[in-house]
Amino acid sequence: MKRQLIILCLSIIGISGCNRPSDNSGETLKLWYDNPASKWEEALPVGNGRLGAMVFGNPVNEKLQLNEESIWAGSKINNNNPDAIKALPALQKALFESRYKDAFKIADENFLGTPPRIRSYQPLGDLLIDYLWSSKPENLRRELNLSTGIAASHFTADGKKYIQEVFVSAPDNVIVVNIKSVDGGLINASFRLAREKDATVLASGNTLILTGQIIDEEDPRAGPGGEHMKFAGELRLSALQGEIAADKDILHVKNAEEVTVRITAATDYNINNLDFDRFIEPADVCKTILNRSDNLSYNELKKAHLEEYQPLFSRVNLSFGKDSLSSVPTDKRLQAVKNGGTDNGLIALYFQYGRYLLMSSSRYPAVLPANLQGIWNKDLKAPWNSDFHTNINLQMNYWPAEVCNLTETTDQLVSFMEKLTVPGAATAKEMYGTDGWVFHHLTDPFGRTGVADGVWGITPMNGPWMTFPVYEHFLFTRDTSFLRESAYPLMKGSAEFVLGFLTESPDGYLVTNPSHSPENTFIDTKTKEKSQLTYAATIDIEIINALFDNCIEAATVLNTDKEFVSKLEAAKKRLPPVVINSKGVIQEWIKDFDEPEPGHRHMSHLLCLYPLAQFTPETPDLFKAAEATIERRLSSGGGHTGWSRAWIINFYARLQNGEKAYENIMGLLRKSTLANLFDTHPPFQIDGNFGGTSGIAEMLLQSHNGVIRLLPALPKEWGTGEVKGLCARGGFVIDMKWSDGALNTAKIFSAAGGEAKIVCGESVQIIKVEAGESKIISY
Ligand code: FUC
């Protein structure tokens, strides 16, 4: 690094927190297409966290596939297997004695959830708009503008120019559709709400009301069928001039100059007791919501939406020089990349899209976190039920939340976790006889915390793992009241569970037993058979070390619980070490087993590389072995699911290997990205979008272990660029400009005031920034 100069920036920035706004306008923030979506995977998502829509942009038969976050089949069930606690000693003994077949049998017969399966997140239905034109519309451009959160279709019909705009307003809690002509054309169209099953629709006046109740079939593996959740959706239509006529379940509009539709939806789901108590009348909730915006014009609705949306979205800017391809339709850009091309502008767009998707699937007024598909799902039985998977997926959803300056999106996650501690405490007591709370590898909005799916679902360390995003929220914001009231109680409850669950192994360590390295299998050395359960899988040890460290650090900040801290410190000393095995890679299990699938998609034993930060250049052997572990996985066909590829980007960023990180971004775009830039597992699963976004951020900025690293993994393909508004732990916000692969300037803003150690290449400097001020470092 050349000359360094620190300039104190005297201007006090009058905006608090991690949130300085920046300029984000322009074509570079648009996904756009010159055809209507021919399938769901080409439609464009909009959402306010609670309500979502996939907009097809068809100027003749328009379709918006609609979602409301809480429409789920199923009901509240305590699925803790009562036999587990009795069978636990026998299971532990079998695993300590390497009798894996016996262990499987005991686990299978006694530990699986009662019932083991959950039911699916479901769509609300579709809004179908049939436009009547006398000739086929032309010149379609449909787009999603990330800087406004508006999906628009521009087209010409019968010689006039039309614009259809769709957005989901958080302040007014409605999906809004507006159609108008810019040069005097009229609108003739019919509007319908439809759902595949379990609902009826009635048109009256200017409204469509959809009411229903999920009737699911009996399935002993998933609990009782029958009448499940009630739901409702209401659409209110207003037209400028022209006529509106209701006919059974259709609204007809004739010769209108402009049409605005507002839709909302609700269920009888009650987050406050995670119960199925049916005290809420969904149709009444819809009415109350819609009444509030009845007198607002389209422009007023749009203004309120933009005032809420834009300050959040525009906090971060990213560019890698001029985006010369923004005039090319997004699907064609993606195809060119799939054909071997490069496109830094598309990478910047993908990054911002990840931020957009997180805001749109996890923000107030939502009460639930982003699920496997965020909030967008068309199926009554979605892939993996579109559930909350907690053995990598839900965690990954929130990886970009803090670094990408969307800290508020974690509210839904934290409050859901707080709710889960109640059934989770019953699971800890009933299954394992411990204090604290626990859940396993998936859950639903009714808070199932017993074991799901099969023996591989016996993963009690998934609860502790889920405390990490909660603690990260504190690390980034330094909000001590959040730490005191939310994060620490959650973490402490989790640590109490772990302390109670740990047991002594034959070689004198404190270990988890049973234990499982998520979804992977090993080969039993003696019998050569495949096995899933063991004791003390490496991921468990990594999770426990991190959880205990976090609790100790938090208790110190809060000046509390000295005795508890001593217990954690004592237990930590007795955990087995994380070791490098005979192949020179991080050992995944307590023993050096062979793997039937060396390219397995999960890389759980590398948690200490990312998102944790215990394998670092300061631990060179483990750091090198971590790299070898990834290489082994990749050379055996790994990284084949979207989220798995996305995780690898984050790993290489932490390994400070920009070229490899970039190579895997290209892999993500080439192999795991759909035309609408949704990640595909396959099929669509949103975690890869979020992991890809956090990976790009991690290449530009890292802030773990007390050091802020600028451009730690910049690939040569990103020689010139600029980023504004990324957040670093400690309450810092960072802007950077670089050219010819070298940093020119970095502006470091501090919300709360504090000292930071800033590292860029060989340059190390300690700076002090007053609260609300910035410092500029020139390189
Ligand atoms: C985990 C992964 C699968 C899938 C599922 C939803 O179990 O192993 O690949 O992503 O979650």
Side-chain angles (χ1 to χ4, degrees), residues 72 112-113 116-121 222 357 361 368-379 381-399 439-445 448-463 465-466 469 515-522 530 532-533 537 539-540 543 588 595-607 611 633-634 636-651 667-668 671-674 678-692 694-695:
W72 277 74
L112 302 200
R117 303 262 174 206
I118 59 164
R119 289 174 191 261
S120 184
Y121 174 50
L357 292 173
S361 58
L368 290 167
N371 64 41
L372 282 172
Q373 297 184 191
I375 189 178
W376 301 279
N377 163 42
K378 65 179 183 341
D379 297 311
K381 287 192 192 304
W384 288 281
N385 302 311
S386 195
D387 66 21
F388 303 104
H389 247 70
T390 52
N391 64 0
I392 181 62
N393 319 82
L394 185 57
Q395 290 89 336
M396 188 177 283
N397 282 4
Y398 287 86
W399 285 354
F439 52 74
H440 297 86
H441 86 294
L442 62 84
T443 186
D444 66 3
R448 294 253 190 117
T449 47
V451 172
D453 291 348
V455 162
W456 72 91
I458 309 177
T459 51
M461 287 306 112
N462 289 160
W465 186 358
M466 278 304 304
S515 166
H516 173 60
S517 191
E519 316 224 2
N520 206 356
T521 50
F522 59 87
K530 273 210 286 188
Q532 293 169 330
L533 295 185
I539 184 176
D540 286 4
I543 289 172
E588 185 163 354
E595 311 143 280
E597 205 189 322
H600 198 270
R601 62 196 182 285
H602 285 264
M603 291 155 288
S604 312
H605 47 322
L606 295 188
L607 212 65
R633 277 291 208 261
L634 280 174
S636 313
H640 47 281
T641 70
W643 63 258
S644 179
R645 176 74 62 187
W647 199 353
I648 292 167
I649 301 168
N650 290 274
F651 286 146
L668 187 64
K671 297 191 190 141
S672 306
T673 302
L674 299 165
F678 267 172
D679 168 66
T680 179
H681 182 286
F684 164 52
Q685 200 168 286
I686 207 159
D687 39 23
N689 284 104
F690 295 139
S694 74

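Every number for a ligand or one of its atoms is a count from 1 in the order of the listing.
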Should the pair Lys530-Glu597 be classified as a salt bridge under the 4.0 Å nitrogen-to-oxygen rule?
no
For atom 7 (O) of ligand 1, the protein heavy atom that lies nearest, with its residue and separation
Glu519 OE2, 2.3 Å
shortest atom 11 (O) of ligand 1-to-protein heavy-atom contact is with His389 CD2, 3.0 Å
Using only heavy-atom distances, determine whether the side chains of Ser515 and Asp540 contain a donor-acceptor pair under 3.5 Å.
yes
Side chains of Asn650 and Ser694 only: does a donor on one sit below 3.5 Å from an acceptor on the other?
yes
Scanning both residues in full, the closest heavy-atom pair of Arg633 with Asn520 reads NH2-ND2, 3.5 Å
Run the numbers for me: atoms of ligand 1, each under 4.0 Å from some heavy atom of [X], listed by number.
| X | result |
| --- | --- |
| His681 | 3 (C), 4 (C), 9 (O), 10 (O) |
| Leu372 | 6 (C) |
| His602 | 1 (C), 2 (C), 8 (O) |
| Asn391 | 1 (C), 7 (O) |

If only atom types and distance count, is the side chain of Asp444 paired as donor or acceptor with the main-chain N or O of Arg448 below 3.5 Å?
yes
Got a second to check how far Arg119's CZ is from Lys381's NZ, nearest 0.5 Å?
6.5 Å
Could you tell me whether [X] and ligand 1 have an N or O pair separated by under 3.5 Å?
| X | result |
| --- | --- |
| Thr641 | no |
| Gln685 | yes |
| His441 | no |

